[in-house]
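Here is the structure we will look at, set down as structure tokens.
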Amino acid sequence: MEFKIEHTWNGFPVFHDPVIIRLAPANAGLFMDVTAPFYNDPPAPPSDPGKPFNGLWDYEVIEAFFLNGQTEQYLEVELCPHGQYLILLLCGRRKVLKQELPLKFEVSRTSTQWNGRAHLPWSYLPPATDQFNAFAIHGSGEARTYEALYPVPQHEMQKDQQPDFHRLEYFKCFNLKTLMGQGWKQPVSVFWAP
């Protein structure tokens with residue numbers, strides 16, 4: 001399953017190679033593979049690669065959100081080209097349930113592109129995940145750029161509106177059975193117990 005981020009958060013086309021996110025079955029979860037331009041702007045967070053970093057959204061980052069649209073439970077995955085990551089489990093818009101969970105995440109990069117692979121355990125995904133969105137952020141100051149797989153439609157923009165990736169109403173349908181097969185059942189998670 002492949003997704004290309006080809007628009008800014010407010011619906012304008014991007015003028016560079018799109019960020020590509022691929023999801024594939026993995027042992028006890030999903031692989032999330034990222035191929036993206038590498039800007040090195042802002043520079044690396046002040047943290048070791050391979051570790052969670054709270055506040056990663058202020059750096060160069062790719063974000064993917066897996067949502068149960070009925071309960072508003074969602075997984076937020078943030079991946080940085082310098083090797084840091086952040087996993088957030090949320091229950092309701094911006095209401096963090098768990099954060100800084102461990103993640104197997106590997107990165108390689110050249111001067112112009114980076115590739116990452118994260119292993120997302122099934123336990124991190126909310127039950128009955130049925131919606132998805134993804135974002136890319138890079139740049140500093142006035143050059144800060146926010147991109148979205150499913151952007152806010154231009155006709156719905158409000159004056160002085162700012163990027164907000166927790167606008168769950170703009171997420172789109174997502175069916176894990178397309179990837180895993182029609183007979184697949186999502187494993188029960190200890191993190192999302194009723």
Side-chain angles (χ1 to χ4, degrees), residues 3-21 32-67 72-120 124 132-152 157-158 160-171:
F3 304 93
K4 292 182 180 179
I5 300 177
E6 298 177 311
H7 294 89
T8 60
W9 71 276
N10 53 354
F12 294 98
V14 297
F15 296 104
H16 57 75
D17 289 339
V19 170
I20 299 172
I21 297 172
M32 179 177 152
D33 294 318
V34 172
T35 301
F38 177 55
Y39 298 94
N40 200 28
D41 182 20
S47 172
D48 293 332
K51 302 283 185 192
F53 183 78
N54 199 3
L56 196 58
W57 53 84
D58 289 329
Y59 293 85
E60 183 173 348
V61 67
I62 305 300
E63 301 184 0
F65 291 68
F66 299 82
L67 169 70
E72 290 194 351
Q73 295 173 323
Y74 58 108
L75 163 65
E76 179 177 346
V77 179
E78 299 186 18
L79 305 177
C80 175
H82 298 284
Q84 296 83 358
Y85 64 85
L86 183 62
I87 298 293
L88 300 167
L89 305 184
L90 300 101
C91 191
R93 190 181 310 245
R94 295 187 178 279
K95 296 177 184 167
V96 176
L97 180 68
K98 300 244 183 231
Q99 63 184 2
E100 298 186 28
L101 295 168
L103 183 70
K104 292 180 186 173
F105 177 48
E106 300 172 352
V107 172
S108 64
R109 65 179 185 268
T110 66
S111 61
T112 59
Q113 180 177 294
W114 70 280
N115 297 287
R117 171 169 266 196
H119 179 265
L120 307 178
Y124 289 3
F132 181 78
N133 208 349
F135 307 93
I137 309 170
H138 61 86
S140 301
E142 293 295 317
R144 190 82 168 146
T145 302
Y146 301 86
E147 302 169 1
L149 177 64
Y150 305 123
V152 175
M157 291 294 300
Q158 304 293 317
D160 298 324
Q161 187 172 341
Q162 299 297 312
D164 181 356
F165 296 161
H166 296 266
R167 299 286 304 270
L168 308 180
E169 64 271 27
Y170 297 117
F171 288 31

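Just so you know, these numbers come straight off a predicted model, no measurement behind them.
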Original post:
Under a 4.5 Å cut-off applied to non-hydrogen side-chain atoms, are Leu86 and Glu100 in contact?
Top reply: yes
Subject >> From Asn40 atom CG to Trp114 atom CH2, the distance as rounded to the nearest 0.5 Å >> reply: 12.5 Å
Original post:
Is Tyr85 reaching over with its side chain to a backbone N or O of Leu103, donor-acceptor style, under 3.5 angstrom?
Top reply: yes
Original post:
Do Leu75 and Ile87 come close enough that some side-chain heavy atom pair is under 4.5 Å?
Top reply: yes
Subject >> For His82, all residues meeting ring pair (Phe, Tyr, Trp, His ring centres under 6.0 Å), sequence neighbours excluded >> reply: Phe38
**OP:** Determine the minimum heavy-atom distance between Glu60 and Cys80, stating which atoms define it.
**Re:** O-SG, 3.5 Å
Original post:
Any side-chain heavy-atom pair from Thr145 and Tyr39 closer than 4.5 angstrom?
Top reply: no
Subject >> Tyr74 side chain vs Arg94 backbone, donor-acceptor pair below 3.5 Å >> reply: yes
Original post:
Hey, what do you get for CG (Leu56) to CD1 (Ile137), rounding to the nearest 0.5 Å?
Top reply: 8.5 Å
Subject >> Interatomic spacing from CG in Leu67 to CD in Glu72 - rounded to 0.5 Å >> reply: 7.0 Å
Subject >> Glu106 CD: over 12 foreign heavy atoms closer than 6.0 Å >> reply: no
Original post:
How about Phe66 and Tyr124: are their ring centroids closer than 6.0 Å?
Top reply: no
Original post:
Quick one: are Val34 and Met32 in side-chain contact, heavy atoms under 4.5 Å?
Top reply: yes
Could you list the donor-acceptor pairs under 3.5 angstrom formed between side-chain atoms of residues 42-53 and any protein atom two or more places apart in sequence or on another chain?
none

Subject >> Side chain to side chain, Ile5 and Ile21, heavy atoms closer than 4.5 Å >> reply: yes
Subject >> Point-to-point distance, once rounded to the nearest 0.5 Å, from CD of Glu76 to CG of Leu90 >> reply: 6.0 Å
Subject >> Separation between CZ of Arg93 and NZ of Lys95, rounded to the nearest 0.5 Å >> reply: 10.0 Å
Original post:
Short question: side chain of Glu63, backbone of Trp57 - any donor-acceptor pair under 3.5 Å?
Top reply: no
Subject >> Heavy-atom closest contact (Pro81 atom, Val107 atom, distance) >> reply: O-CG1, 3.1 Å
Subject >> Min side-chain heavy-atom separation Phe3-Tyr150 under 4.5 Å >> reply: yes
Original post:
Tell me, do Leu88 and Glu78 make a side-chain contact under 4.5 Å, heavy atoms counted?
Top reply: yes
**OP:** Could you grab the distance from atom CG of Asp33 to atom CD1 of Ile20, nearest 0.5 Å is fine?
**Re:** 11.0 Å
